[in-house]
Chemist: 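Would you mind keeping the following structure in view while I ask a few things?
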Amino acid sequence: MLRGLKVVSTIDLGFAVAACAISPDGSEAVVGGQDGKLHVYSINGDTLTEEATLEKHRGPITVIRYSTDASMFASGDSNREAVVWDRVSREVKLKNMLYHSARINCLAWSPDNTMVATGSLDTCVIIYDISKPASSRVTIKGAHLGGVYGLAFTDNCSILFLTHSTVVAEVKKG
């Protein structure tokens, strides 16, 4: 762990880390492994304590993002699947998000926490309404021919697609 530029603690996790996210309040970290498992740690000062291991993915974790209100987090993997998790119960909140044809590179949450978008090496962006089945998704094919490497919602219904360093397009949903 770092505090500023100073290493304050180290821990051997016993697995190869592929992605991680820290909750907005700094009390929790979710670490994704090459083995497809998510490890949830509580953070107390300079100490990490493993609280749970979540198993749903079938490939290495590529991205993890907390919702803006931190009530949920989403994870994506190299096997093209995304999952939305309830932070408190640690149960799957939205499943069957298996519509990309290549590795998921990025995730973004809408400011009101009602939608999550995934961007992939397959050039597509998929937007899910978390109150509906994953099959009711909105797919934007060919969002960027080099693959989508970044996403950001500008408000509750607009999303920016990003490539390596360029804003490509803005699409309004609804």
Side-chain angles (χ1 to χ4, degrees), residues 1-98 100 102-121 125-126 128 130 147-154 159-167:
M1 288 183 60
L2 292 173
R3 297 266 182 239
L5 297 176
K6 182 180 178 191
V7 176
V8 295
S9 68
T10 59
I11 182 173
D12 180 6
L13 299 175
F15 61 91
V17 174
C20 65
I22 296 176
S23 63
D25 66 3
S27 67
E28 179 180 84
V30 179
V31 180
Q34 287 287 336
D35 60 1
K37 296 178 184 174
L38 293 166
H39 301 266
V40 182
Y41 294 89
S42 61
I43 301 172
N44 186 4
D46 298 335
T47 305
L48 290 177
T49 304
E50 188 165 4
E51 301 292 335
T53 301
L54 308 176
E55 298 184 43
K56 172 75 174 90
H57 289 280
R58 294 171 290 164
I61 307 301
T62 55
V63 63
I64 305 164
R65 293 286 180 269
Y66 279 89
S67 60
T68 54
D69 69 356
S71 66
M72 299 167 280
F73 60 90
S75 51
D77 67 31
S78 64
N79 200 37
R80 68 195 206 342
E81 184 172 20
V83 179
V84 174
W85 304 85
D86 181 271
R87 182 179 175 191
V88 175
S89 70
R90 298 189 176 116
E91 293 180 4
V92 174
K93 188 165 180 85
L94 184 60
K95 59 184 175 181
N96 300 323
M97 298 168 68
L98 192 57
H100 283 290
R103 175 186 73 226
I104 294 174
N105 292 327
C106 53
L107 291 163
W109 285 90
S110 63
D112 65 359
N113 309 295
T114 63
M115 293 182 290
V116 65
T118 56
S120 172
L121 186 61
V125 171
I126 300 177
Y128 299 91
I130 63 163
V148 180
Y149 289 88
L151 295 168
F153 280 85
T154 59
I159 189 167
L160 296 174
F161 310 154
L162 308 168
T163 62
H164 294 90
S165 63
T166 307
V167 175

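When reading the values below, keep in mind they use all heavy atoms of this one structure, side chains included, and skip hydrogens, waters and symmetry mates.
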Chemist: When you compare the side chain of His100 with that of Val148, does any pair of heavy atoms fall below 4.5 Å?
Modeler: no
Chemist: Would you indicate whether the side-chain heavy atoms of Arg90 and Glu51 approach each other to under 4.5 Å?
Modeler: yes
Chemist: Just verifying a value: how many Å separate Ile130 CD1 and Ser110 OG, rounded to the nearest 0.5 Å?
Modeler: 7.5 Å
Chemist: Work out which heavy atom in Val63 is nearest to a heavy atom in Asn105; give both atom names and the distance.
Modeler: CB-O, 4.1 Å
Chemist: Parallel, tilted or perpendicular: which one describes the rings of His57 and Trp85, with boundaries at 30° and 60°?
Modeler: tilted
Chemist: Which heavy atom of Leu151 sits nearest a heavy atom of Cys106, and at what distance?
Modeler: CG-SG, 3.7 Å
Chemist: Hey, does the side chain of Thr62 reach the backbone of Ile104 with a donor-acceptor pair shorter than 3.5 angstrom?
Modeler: yes
Chemist: How long is the gap from OG on Ser23 to CD on Glu28, to the nearest 0.5 Å?
Modeler: 5.5 Å
Chemist: Determine whether Tyr149 and Leu121 make a side-chain contact, defined as any pair of heavy atoms from C-beta on separated by less than 4.5 Å.
Modeler: yes
Chemist: For residues Ala102 and Ser120, report the shortest heavy-atom separation together with the two atoms involved.
Modeler: O-OG, 3.1 Å
Chemist: Counting distance only, does the side-chain N/O of Asn113 pair as donor-acceptor with the main-chain N or O of Asp69 below 3.5 Å?
Modeler: yes
Chemist: Please round to the nearest 0.5 Å and tell me the distance separating atom CG of Leu38 and atom CD1 of Ile64.
Modeler: 5.0 Å
Chemist: Determine which pairs satisfy ring pair (Phe, Tyr, Trp, His ring centres under 6.0 Å) with at least one residue from residues 17-40, sequence neighbours left out, and list them in order.
Modeler: Phe15-His39
Chemist: Begin from the C-alpha positions of Ser9 and Thr47 and carry the test side chain to side chain contact (heavy atoms under 4.5 Å, CB included) through to its verdict.
Modeler: CA-CA 7 Å; Ser9 68; Thr47 305; over 6 Å; no
Chemist: Who passes salt bridge (charged side-chain N to carboxylate O under 4.0 Å, His left out) against Asp25, sequence neighbours left out?
Modeler: Arg87
Chemist: Mind listing the closest non-hydrogen atom pair of Phe153 and Ala108 along with its distance?
Modeler: CE1-O, 3.5 Å
Chemist: Specify the closest pair of heavy atoms between Thr68 and Trp109, including all atoms of both residues, with the distance to one decimal.
Modeler: N-CB, 4.4 Å
Chemist: In Å, rounded to the nearest 0.5 Å, how long is the span from OG1 of Thr118 to CZ of Arg80?
Modeler: 12.0 Å
Chemist: Nearest 0.5 Å please: distance from the OG atom of Ser67 over to the CG atom of Leu107.
Modeler: 12.0 Å
Chemist: Between Glu50 and Thr53, which heavy-atom pair has the shortest distance, and what is it?
Modeler: OE2-OG1, 2.8 Å
Chemist: Atom CD1 of Ile126 and atom CG of Leu98: how far apart are they, to the nearest 0.5 Å?
Modeler: 9.5 Å
Chemist: Can Met97 and Val116 be said to form a side chain to side chain contact (heavy atoms under 4.5 Å, CB included), step by step?
Modeler: CA-CA 11 Å; Met97 298 168 68; Val116 65; 3.9 Å; yes
Chemist: Mind checking what makes salt bridge (charged side-chain N to carboxylate O under 4.0 Å, His left out) contact with Asp35, not counting sequence neighbours?
Modeler: none
